[in-house]
Participant: 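My structure is below; once you've seen it, I'll send some questions.
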Amino acid sequence: MLKTRVITAVALLVILLSILAFDSFPVLAIAVSIFFALAVWESLRLFGSKQPLPGAVMWSIAFIFMAFKGIFSQNALLFGLCTLIWAVRLAPSLAIGLPPLGSIGNRVLNGIYGITIFGCFAAILVLFKHSALYLFSVMAVVWIADIGAYFTGKAFGKHKLAPAISPGKSWEGAIGGWIFVLAFSTATILFPLSNDLFPVRLQTKFGWPGFLIVMSLLVGASIIGDLFESQLKRRANMKDSSKLLPGHGGILDRIDALIPTLPIAVLFNSWL
């Protein structure tokens, strides 16, 4: 299982780096649109949709149209809306629970979660327009938090973070992921390979206190995104969002932490 997981992870990284190496917005937009369609299909399944494919197609047509029209980069309204949705509805669900499948509340939640997925993939395109390296430096924050949390949790995890939602996650793992991110980001600032990295520009603009606050916010958002998707899977009685990625599950299983994080990064990027 671990071998399959590693092979899939390496393959995904190679695909991502290859796409970024083209440094072509149309190439990235097409690739992002494909992954967006698959993510929406998985999300609709988690919300109990009987026909997830037509819904995924409709969402994808709207995404492709807006991507090639350049609508995403014209204002920050979409990304502010995504952040607001997480703050007032999705994050609180970790404490108050989810509405029953088939209810009106579930359909409403389905729609607003779809907006946040839309915003996540739109944020990828916006950050790429800054530069491919800049986009990679933002996504790396989430990946490092996830890796740090996994290994720290395995080694020291004793206190459950959300036992009713995801029994495998611990407070020690979450803190370990946060420390990993701060350590890595600090290293990129003290020994910069490029000044065009998100942590470097963040520290330059806001200083060390602002850097600490924003990076902590991104790590916290990534944890919430991960837990929310786990909550959806538990309600739907599904181990993974799909079987598209051997050893990993589905697309949502790989991007759940990015969904709330990337729109926040775009908002800060507009101030940088």
Side-chain angles (χ1 to χ4, degrees), residues 5 8-9 12-13 35-36 38-40 42-43 45-47 82-83 85-98 109-110 112-121 123-124 138-157 159-182 184 214-242 244-245 247-265:
R5 188 178 179 89
T8 302
L12 289 173
L13 183 60
F35 279 96
F36 170 73
L38 295 173
V40 172
E42 291 178 352
S43 176
R45 292 172 71 243
L46 288 176
F47 279 93
C82 290
T83 302
I85 287 173
W86 279 103
V88 303
R89 181 61 185 96
L90 302 186
S93 76
L94 300 180
I96 64 177
L98 297 172
L109 193 66
N110 183 10
I112 64 175
Y113 186 56
I115 292 173
T116 65
I117 298 174
F118 195 95
C120 170
F121 282 90
I124 292 175
V138 176
M139 298 177 80
V141 171
V142 177
W143 298 333
I144 292 168
D146 186 47
I147 293 170
Y150 176 80
F151 286 106
T152 307
K154 284 287 186 182
F156 307 106
H159 301 86
K160 300 299 183 182
L161 179 62
I165 297 174
S166 185
K169 292 181 175 59
S170 66
W171 281 103
E172 290 83 359
I175 294 171
W178 174 67
I179 293 173
F180 267 62
V181 166
L182 292 183
F184 178 82
V214 174
M215 298 308 289
S216 300
L217 175 63
L218 294 181
V219 172
S222 72
I223 294 172
I224 290 172
D226 191 341
L227 288 175
F228 182 78
E229 200 241 351
S230 295
Q231 189 178 33
L232 291 178
K233 290 188 294 185
R234 183 168 289 273
R235 184 186 63 166
N237 196 28
M238 297 171 63
K239 182 179 183 297
D240 300 310
S241 58
S242 76
L244 292 175
L245 303 175
H248 289 264
I251 305 299
L252 280 182
D253 295 320
R254 291 299 87 215
I255 68 161
D256 51 8
L258 292 170
I259 295 173
T261 308
L262 293 189
I264 296 174

Participant: Checking Trp178 now: which residues fulfil ring-ring contact (aromatic ring centres under 6.0 Å, His included) with it, not counting sequence neighbours?
Facilitator: none
Participant: What I'd like to find out is whether the side chain of Ser166 reaches to under 4.5 Å of the side chain of Lys233, using heavy atoms alone.
Facilitator: no
Participant: Would you say CH2 of Trp143 has more than 12 non-hydrogen atoms from neighbouring residues, nucleotides or ligands within 6.0 angstrom?
Facilitator: yes
Participant: Using the rule given for side chain to side chain contact (heavy atoms under 4.5 Å, CB included), can you reason through Ile264 versus Trp86, listing the C-alpha separation, both sets of side-chain angles and the distance that settles it, and then say yes or no?
Facilitator: CA-CA 10 Å; Ile264 296 174; Trp86 279 103; over 6 Å; no
Participant: Please find the pair of heavy atoms, one from Gly119 and one from Cys82, that lie closest to each other, and give the distance.
Facilitator: CA-SG, 3.7 Å
Participant: Return the orientation label for the Tyr113 and Phe47 ring planes: parallel under 30°, perpendicular over 60°, tilted otherwise.
Facilitator: tilted
Participant: Evaluate the side-chain proximity of Leu90 to Thr116: yes if any heavy-atom separation is below 4.5 Å, no if none is.
Facilitator: yes
Participant: Between atom CG of Asp256 and atom OG of Ser230, what is the distance when rounded to the nearest 0.5 Å?
Facilitator: 6.5 Å
Participant: Give a yes or no on whether the backbone of Ser241 and the side-chain of Asp253 come within a donor-acceptor separation of less than 3.5 Å.
Facilitator: yes
Participant: Is any side-chain heavy atom of Asp146 closer than 4.5 Å to a side-chain heavy atom of Val142?
Facilitator: no
Participant: Where the side chain of Glu172 meets the backbone of Thr152, is there a donor-acceptor pair that is under 3.5 Å apart?
Facilitator: no
Participant: Between Asp240 and Gly250, what is the shortest heavy-atom contact and its length?
Facilitator: CB-N, 4.5 Å
Participant: Counting only N and O atoms by type, is there a donor-acceptor contact under 3.5 Å from the side chain of Ser43 to the main-chain atoms of Val40?
Facilitator: no
Participant: Evaluate Ile223 against Leu161 for side chain to side chain contact (heavy atoms under 4.5 Å, CB included), listing each step before the verdict.
Facilitator: CA-CA 10 Å; Ile223 294 172; Leu161 179 62; 3.8 Å; yes
Participant: Say whether, by atom type as modelled, one donor and one acceptor occur between the side chain of Arg234 and the main chain of Ala164 under 3.5 angstrom.
Facilitator: yes
Participant: Would you call Leu46 and Glu229 a side-chain contact if the rule is heavy atoms closer than 4.5 Å?
Facilitator: yes
Participant: Run the ring-ring contact (aromatic ring centres under 6.0 Å, His included) test against Phe121 and tell me which residues pass, sequence neighbours left out.
Facilitator: Phe36
Participant: Please assess Leu38 against Leu244 for the test side chain to side chain contact (heavy atoms under 4.5 Å, CB included), listing each intermediate value before the final yes or no.
Facilitator: CA-CA 9 Å; Leu38 295 173; Leu244 292 175; 4.1 Å; yes
Participant: Mind checking side chain to side chain donor-acceptor pair (under 3.5 Å) for Arg254 and listing every partner two or more places apart, or none if nothing turns up?
Facilitator: His248
Participant: Quick check: does any side chain N or O of Glu42 sit under 3.5 Å from a backbone N or O of Leu252, one acting as donor and the other as acceptor?
Facilitator: yes
Participant: Does the side chain of Asp226 come within less than 4.5 Å of Lys169's, by heavy atoms?
Facilitator: yes
Participant: Is there a donor-acceptor pair closer than 3.5 Å between any side-chain N or O of Arg89 and the backbone N or O of Leu109?
Facilitator: no
